[in-house]
Amino acid sequence: MASITLHAAQKSYGDAAPVIRDVDLAIGEHEFCVFLGPSGCGKSTLLRVIAGLEDLSSGELLIGDKRMNDVPSAQRSVAMVFQSYALFPHMTVYENMSFGLTLAKLPKAEIEQKVREAARVLQLEELLQRKPKELSGGQRQRVAIGRAIVRRPGVFLFDEPLSNLDATLRSQTRIEIARLHRQFEQASVVYVTHDQVEAMTLADRIVLLHAGADTARFGSIAQIGTPMELYQHPKNRFVAGFIGSPRMNFIPALVMHVDDGQVTVRLPDTNERIVVAASGANVQPGQTVTLGVRPEHMDIGDSNANGITREVVLVERLGEQTYVHLEQPGGQPLVAKAPGNAQINRGDLLRFGIAAGSAYLFDENGMALDRHHATAQLAAAA
C-alpha cells in the first residue's frame, strides 16, 4: 500500500518555462486519481515524475513516507501501463506477463501462480500461449495491465491506456479497469487522460491541469476534487468549460442588481435579464461578468421569466438526446440539450428557462463568483 505526496513540485527543461509548476498534491492509499487536462498541460510528465522516468527540477516526491527524488524507478514499487502496449512480439502472453518476474529471479512456481491469477482476473486464461499479433487491441491492453498486476506494486500508473482503442473497446476496458481497482487491495492508481468521460467515470478525485499561459499565472493545477465537485462547483471558467459535454455556454453580461443571495445581470446584445444564485460579495452593479449555463440546464419551452429566447440554427439528433444550437449575437452559437424525440426544427424561435441555481457567474479574470451560500439560501426558501 502506498500514498503519493508532491510538495512544490516543478519540472522544466533547460531554460524553457516550467512544464509542471507549483504542484502540491496528496493521493491517498487505494485512491483512484485521474490527471486530466488538454494536450501540453504536463499530465504525462507528472506521471513520469512519479514513475521515476523524469527527475523533478525542484520540490519533493514521497511514496508512502519515503522521499523518492533520488530513488531509481525500479525501486519505487510502481508499475506503469503505457499508451502503446509495449509487448514483446516474439513472446507469448504468458512470457510477456512473466518477464519482469523472471528478471527478478522469482521461483518458477511463484511466477506461475502470479501469472495465472492475473490471467484469471483479466479473462486471459485462454490466451496465454498466443502471441501479441494474434490478439485484439483490447486483449493486448489487458496483457499490458496484467504485466503490471503480477508485480503487485504499491502504485499503478496508467498513461492514456485507452487512446489506441476504438469507442466500444474503450468503454469495455474502462469498465474492466474500474473493476480491477476494487481488486488491487490497497494499491493507489494514477491515471492520465484527456478524455473527461474516462475521468468522470473512473476517478475518486480528478486533478485538472492548466495549460499555456494559465500555468504561469495560477500554477499547473486548476482544481482538485471529486468528479461532481468539479462539475457542480468549478473554481473558474477554465474548469467550467472543460468539465461537461457539450461544454458550458458562456454569455457576456452586465450586473444590474445585487441582492442577498441573488445577482441580476443583463445580456447587452439582447437586453434580456437573468437572475443568478450568487452571494454577490465580490460583485458590483455595472460590473462586466460572464454568465455560464450548461446545455442540460436550459429548459426548452419553459415560460419562466428567467430565461432567453433564441432562434435555432442547427439540430443534432443523437437518438437518446438532441443538441439544439441557438443563435447568439456576437458570439458562438449556444447549445441546449433536449429529449431525443423533441420536435425542433431549424429556424424555430424557442424559449429556454434558466433556473437561478443552475447558472454561474465569472468575473473579469475568469474566477467563479460564489454560488454555494446563495444556492443553499434559494433551496431553503423553496
Side-chain angles (χ1 to χ4, degrees), residues 1-2 4 29-32 44 47-54 63-64 66 68 71-165 169-170 172-193 202:
M1 62 182 70
I4 303 166
E29 294 178 356
H30 198 56
E31 182 175 1
F32 199 121
S44 289
L47 192 78
R48 291 171 65 85
V49 164
I50 296 172
L53 303 177
E54 299 275 2
I63 297 180
K66 184 177 180 182
M68 290 288 165
V71 176
S73 178
Q75 299 175 23
R76 292 192 179 191
S77 187
V78 302
M80 190 162 179
V81 178
F82 295 90
Q83 180 177 345
S84 59
Y85 315 123
L87 302 178
F88 294 109
H90 63 288
M91 291 185 179
T92 64
V93 169
Y94 182 94
E95 291 167 338
N96 268 284
M97 291 174 64
S98 64
F99 184 71
L101 304 180
T102 302
L103 286 181
K105 300 186 177 353
L106 267 63
K108 287 187 177 180
E110 184 177 349
I111 293 174
E112 172 91 9
Q113 185 269 327
K114 288 185 175 181
V115 172
R116 295 284 177 185
E117 174 60 18
R120 182 190 64 77
V121 170
L122 292 164
Q123 301 174 24
L124 292 171
E125 293 171 291
E126 305 300 320
L127 307 176
L128 287 175
Q129 298 309 311
R130 293 191 188 182
K131 293 187 175 178
K133 66 180 180 181
E134 302 173 276
L135 305 177
S136 69
Q139 290 169 335
R140 292 180 196 178
Q141 193 57 276
R142 277 187 278 155
V143 175
I145 294 171
R147 184 174 52 194
I149 288 175
V150 296
R151 295 177 53 193
R152 298 187 181 174
V155 177
F156 285 94
L157 307 176
F158 292 86
D159 190 6
E160 302 203 52
L162 309 185
S163 59
N164 290 332
L165 305 181
L169 279 176
R170 268 203 309 273
Q172 293 174 351
T173 310
R174 187 169 69 236
I175 293 170
E176 289 177 358
I177 290 174
R179 177 176 55 82
L180 284 170
H181 177 237
R182 294 194 294 271
Q183 302 178 28
F184 283 165
E185 298 175 352
Q186 296 301 310
S188 304
V189 175
V190 183
Y191 187 104
V192 164
T193 182
L202 288 172

Let me have the donor-acceptor pairs involving side chains of residues 120-135, under 3.5 Å, with sequence neighbours excluded, atom names and distances please.
| unit_1 | atom_1 | unit_2 | atom_2 | d |
| --- | --- | --- | --- | --- |
| Arg120 | NE | Glu117 | OE1 | 3.3 |
| Arg120 | NH2 | Glu117 | OE2 | 2.6 |
| Glu134 | OE1 | Lys131 | N | 2.8 |

Query - Candidate pair Ile4 and Glu31, rule side-chain contact (heavy atoms from CB on, under 4.5 Å), full reasoning - result: CA-CA 10 Å; Ile4 303 166; Glu31 182 175 1; over 6 Å; no

Query - Derivation of the side-chain contact (heavy atoms from CB on, under 4.5 Å) call for Arg76 and Ile50 - result: CA-CA 9 Å; Arg76 292 192 179 191; Ile50 296 172; 5.7 Å; no

**Report entry** Minimum-distance pair of heavy atoms, taken over all atoms of Val78 and Ser73
**Finding:**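 Reported closest heavy-atom pair: CG2-O, 4.4 Å.
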
Requested in this report: Go through Ile177 and Leu162 one step at a time and tell me if the side-chain contact (heavy atoms from CB on, under 4.5 Å) criterion holds.
Outcome: CA-CA 10 Å; Ile177 290 174; Leu162 309 185; 4.1 Å; yes

Query raised in the report: Quick check: does any side chain N or O of Gln75 sit under 3.5 Å from a backbone N or O of Pro72, one acting as donor and the other as acceptor?
Result: no

Query raised in the report: Looking at side-chain heavy atoms only, is the closest gap between Arg151 and Lys114 below 4.5 Å?
Result: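 Counting from C-beta outward, Arg151 and Lys114 never come under 4.5 Å.
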
When the side chains of residues 153-160 are checked against the rest of the protein, which donor-acceptor pairs come out under 3.5 Å, sequence neighbours left out?
| unit_1 | atom_1 | unit_2 | atom_2 | d |
| --- | --- | --- | --- | --- |
| Asp159 | OD1 | Ser44 | OG | 2.9 |
| Glu160 | OE1 | His194 | ND1 | 2.7 |

Query raised in the report: Measuring from Ser188:OG to His30:NE2, what's the distance to the nearest 0.5 Å?
Result: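 The OG atom of Ser188 sits 9.0 Å away from the NE2 atom of His30.
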
For residues 94-109, tabulate all N or O donor-acceptor pairs below 3.5 Å that involve a side-chain atom, not counting sequence neighbours.
| unit_1 | atom_1 | unit_2 | atom_2 | d |
| --- | --- | --- | --- | --- |
| Tyr94 | OH | Glu112 | OE1 | 2.9 |
| Glu95 | OE1 | Thr92 | N | 2.8 |
| Glu95 | OE1 | Thr92 | OG1 | 3.4 |
| Asn96 | OD1 | Phe88 | N | 2.8 |
| Asn96 | ND2 | Phe88 | O | 3.2 |
| Asn96 | ND2 | Met91 | O | 3.3 |
| Asn96 | ND2 | Thr92 | O | 3.1 |
| Ser98 | OG | Tyr94 | O | 2.9 |
| Ser98 | OG | Glu95 | O | 3.4 |
| Thr102 | OG1 | Ser98 | O | 3.0 |

Report task. Describe, in one word, how the ring planes of Phe32 and His181 are oriented to each other, choosing from parallel (under 30°), tilted (30 to 60°) and perpendicular (over 60°). Result ->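 It falls in the perpendicular class, over 60°.
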
